[in-house]
S.K.: 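Please find one structure pasted underneath; my questions will follow.
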Amino acid sequence: QVPMVESGGGSVQAGGSLKLSCGSSEYSRYCLGWVRQVAGKPREGIAAISETGRTSYRDSVEGRFTISRDSAKNTLTLEMNSLRPDDSAVYYCSAVWGLCDYVTILQPRSGWGQGTQVTVSA
């Protein structure tokens, strides 16, 4: 499997917004999600979306982040609002088959891409 390529990261001040994207036609029928990792800490799943559009969020991001997918364009998006310094991390896309939630996306069939860095300053 080929890892997806993430884009859209950057540096913002607390309270700001960013929009991350990734995509691949190879995973159009998979559960898709976003995972993040702070250096020296384990990866954590933050949001997932099923092929039918059902979503799952980690408590710390629910209400601030929105995951969506465009099946026609084979793209996955994460809109992040009200960003906080503890959201700073490298963000990765994930594609899994089967049970779909923000935990199961930690075991992707797609493997891990390079990720995109998000830095939120206080």
Side-chain angles (χ1 to χ4, degrees):
Q1 301 289 350
V2 178
M4 291 182 281
V5 178
E6 302 88 354
S7 64
S11 298
V12 297
Q13 290 188 326
S17 300
L18 283 173
K19 184 176 179 179
L20 309 182
S21 298
C22 68
S24 172
S25 60
E26 187 167 0
Y27 305 110
S28 61
R29 298 191 63 191
Y30 282 60
C31 164
L32 302 177
W34 290 93
V35 173
R36 67 187 181 188
Q37 186 174 28
V38 176
K41 295 186 177 181
R43 287 189 178 97
E44 62 177 21
I46 57 172
I49 184 167
S50 71
E51 183 188 8
T52 59
R54 184 181 63 85
T55 58
S56 168
Y57 294 96
R58 188 178 195 86
D59 286 349
S60 61
V61 306
E62 188 153 24
R64 299 188 298 122
F65 291 9
T66 302
I67 189 171
S68 60
R69 64 192 295 169
D70 184 328
S71 298
K73 298 179 179 179
N74 293 311
T75 57
L76 176 69
T77 299
L78 184 70
E79 295 188 47
M80 306 186 295
N81 298 311
S82 302
L83 282 162
R84 310 184 307 213
D86 61 359
D87 292 318
S88 298
V90 178
Y91 284 69
Y92 301 89
C93 291
S94 169
V96 300
W97 190 259
L99 189 62
C100 185
D101 61 37
Y102 72 87
V103 176
T104 60
I105 59 168
L106 286 167
Q107 301 293 332
R109 286 197 181 184
S110 54
W112 300 112
Q114 294 297 310
T116 186
Q117 176 72 48
V118 171
T119 302
V120 185
S121 57

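Reckoned from all heavy atoms, side chains included, excluding hydrogens, waters and symmetry mates.
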S.K.: How close do Ile105 and Ala48 get, heavy atom to heavy atom, and via which atoms?
M.R.: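 So the minimum-distance heavy-atom pair works out to CG2-CB, 3.8 Å.
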
S.K.: Which distance, rounded to the nearest 0.5 Å, do you find between the OG1 of Thr77 and the CG of Leu20?
M.R.: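 Interatomic distance, Thr77 OG1 to Leu20 CG, rounded to 0.5 Å: 9.0 Å.
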
S.K.: Does CG in Asp59 sit with more than 12 non-hydrogen atoms of other residues, nucleotides or ligands closer than 6.0 Å?
M.R.: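 Atom CG in Asp59 is not packed in, count stays at 12 or less.
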
S.K.: Same cluster for Leu83 and Tyr102 if Ile/Leu/Val/Met/Phe/Trp/Tyr side chains link at under 4.5 Å?
M.R.: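 The answer is no; the residues belong to distinct hydrophobic clusters.
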
S.K.: Do Tyr92 and Ile46 belong together in a cluster built from hydrophobic side chains that touch within less than 4.5 Å?
M.R.: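 Looking at the clustering, Ile46 is in a separate group from Tyr92.
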
S.K.: How about Thr116 and Ser7: do any of their side-chain heavy atoms sit closer than 4.5 Å?
M.R.: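 Result no, sub-4.5 Å side-chain heavy-atom pair not found.
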
S.K.: Show your working on side-chain contact (heavy atoms from CB on, under 4.5 Å) between Glu44 and Arg58 and close with a plain yes or no.
M.R.: CA-CA 9 Å; Glu44 62 177 21; Arg58 188 178 195 86; 3.4 Å; yes

S.K.: Using every non-hydrogen atom in the two residues, find where Ser88 and Val120 come nearest and quote the distance to one decimal.
M.R.: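 For Ser88 and Val120, the tightest heavy-atom pair comes out as OG-N, 2.8 Å.
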
S.K.: Step through the shown structure and confirm whether more than 12 heavy atoms of other residues, nucleotides or ligands are within 6.0 Å of CD on Glu26.
M.R.: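 Counting other residues, nucleotides and ligands, CD of Glu26 exceeds 12 neighbours.
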
S.K.: A quick test of your reading: do over 12 heavy atoms of other residues, nucleotides or ligands sit less than 6.0 Å from CD of Gln114?
M.R.: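 No, not enclosed.
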
S.K.: Between Ser24 (side chain) and Met4 (backbone), is there a donor-acceptor pair under 3.5 Å?
M.R.: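 Not at all, since once roles are kept as given, no pair shorter than 3.5 Å links the two residues.
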
S.K.: Mind listing the closest non-hydrogen atom pair of Trp112 and Ser94 along with its distance?
M.R.: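 Heavy-atom minimum between the residues: CZ3-CB, 4.3 Å.
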
S.K.: Cation-pi between Arg29 and Trp97: NZ/CZ under 6.0 Å from ring centre and within 45° of the ring axis?
M.R.: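 No, a cation-pi geometry is absent between Arg29 and Trp97.
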
S.K.: Would Asp70 and Thr75 count as a side chain to side chain donor-acceptor pair (under 3.5 Å) if you check the C-alpha gap in whole Å, the side-chain angles of each, and the deciding distance to 0.1 Å?
M.R.: CA-CA 5 Å; Asp70 184 328; Thr75 57; 4.8 Å; no

S.K.: Same hydrophobic cluster for Val61 and Val12, using side-chain heavy-atom links shorter than 4.5 Å among ILVMFWY?
M.R.: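 They do share one cluster, since a chain of ILVMFWY contacts under 4.5 Å joins Val61 to Val12.
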
S.K.: Do Glu51 and Cys31 come close enough that some side-chain heavy atom pair is under 4.5 Å?
M.R.: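 Counting from C-beta outward, Glu51 and Cys31 never come under 4.5 Å.
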
S.K.: So Leu32 and Ile67, do their side chains get closer than 4.5 Å, heavy atoms only?
M.R.: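 No, every pair of side-chain atoms sits at 4.5 Å or beyond.
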
S.K.: Can you name the closest pair of heavy atoms from Leu106 and Gly45 and give their distance?
M.R.: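 In this case the closest contact between Leu106 and Gly45 is CD2-N, 3.5 Å.
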
S.K.: Check the side chains of Arg36 and Tyr91 for a donor-acceptor pair under 3.5 angstrom, ignoring hydrogens and angles.
M.R.: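 There is such a pair (donor and acceptor under 3.5 Å, judged by atom type) between the side chains of Tyr91 and Arg36.
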
S.K.: Using every non-hydrogen atom in the two residues, find where Pro85 and Ser121 come nearest and quote the distance to one decimal.
M.R.: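 Result for this residue pair: CG-C, 4.4 Å.
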
S.K.: Compare every heavy atom of Ile49 with every heavy atom of Arg69, then report the nearest pair and how far apart it is.
M.R.: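 Taking Arg69 first and Ile49 second, the nearest heavy atoms are NH1-O, 3.2 Å.
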
S.K.: Starting at CD of Glu79, measure out to CZ of Arg64 and round the result to the nearest 0.5 Å.
M.R.: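 The CZ atom of Arg64 is 14.0 Å from CD of Glu79, to the nearest 0.5 Å.
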
S.K.: Can you tell if the side chain of Lys19 reaches within under 4.5 Å of the side chain of Met80, non-hydrogen atoms only?
M.R.: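 In short, these two side chains do not touch, never coming nearer than 4.5 Å.
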
S.K.: Walk me through whether Asn74 and Tyr27 qualify under side-chain contact (heavy atoms from CB on, under 4.5 Å).
M.R.: CA-CA 8 Å; Asn74 293 311; Tyr27 305 110; over 6 Å; no

S.K.: Run the side-chain contact (heavy atoms from CB on, under 4.5 Å) check on Arg109 and Tyr30 step by step: do they pass?
M.R.: CA-CA 9 Å; Arg109 286 197 181 184; Tyr30 282 60; 3.9 Å; yes

S.K.: Do any N or O atoms from the side chain of Arg54 and from the backbone of Cys100 form a donor-acceptor pair under 3.5 angstrom?
M.R.: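 Yes: the side chain of Arg54 pairs with the backbone of Cys100.
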
S.K.: Hey, any chance Phe65 and Leu76 share a hydrophobic cluster, counting ILVMFWY side chains that come within less than 4.5 Å of each other, even indirectly?
M.R.: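 Yes, it is one cluster - the side chains of Phe65 and Leu76 are joined through contacts under 4.5 Å.
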
S.K.: For Val118 and Leu18, what are the C-alpha separation, side-chain angles and deciding distance, and is it a side-chain contact (heavy atoms from CB on, under 4.5 Å)?
M.R.: CA-CA 8 Å; Val118 171; Leu18 283 173; 3.8 Å; yes

S.K.: How about Ser60 and Arg84: do any of their side-chain heavy atoms sit closer than 4.5 Å?
M.R.: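 Sidechains of Arg84 and Ser60: in contact.
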
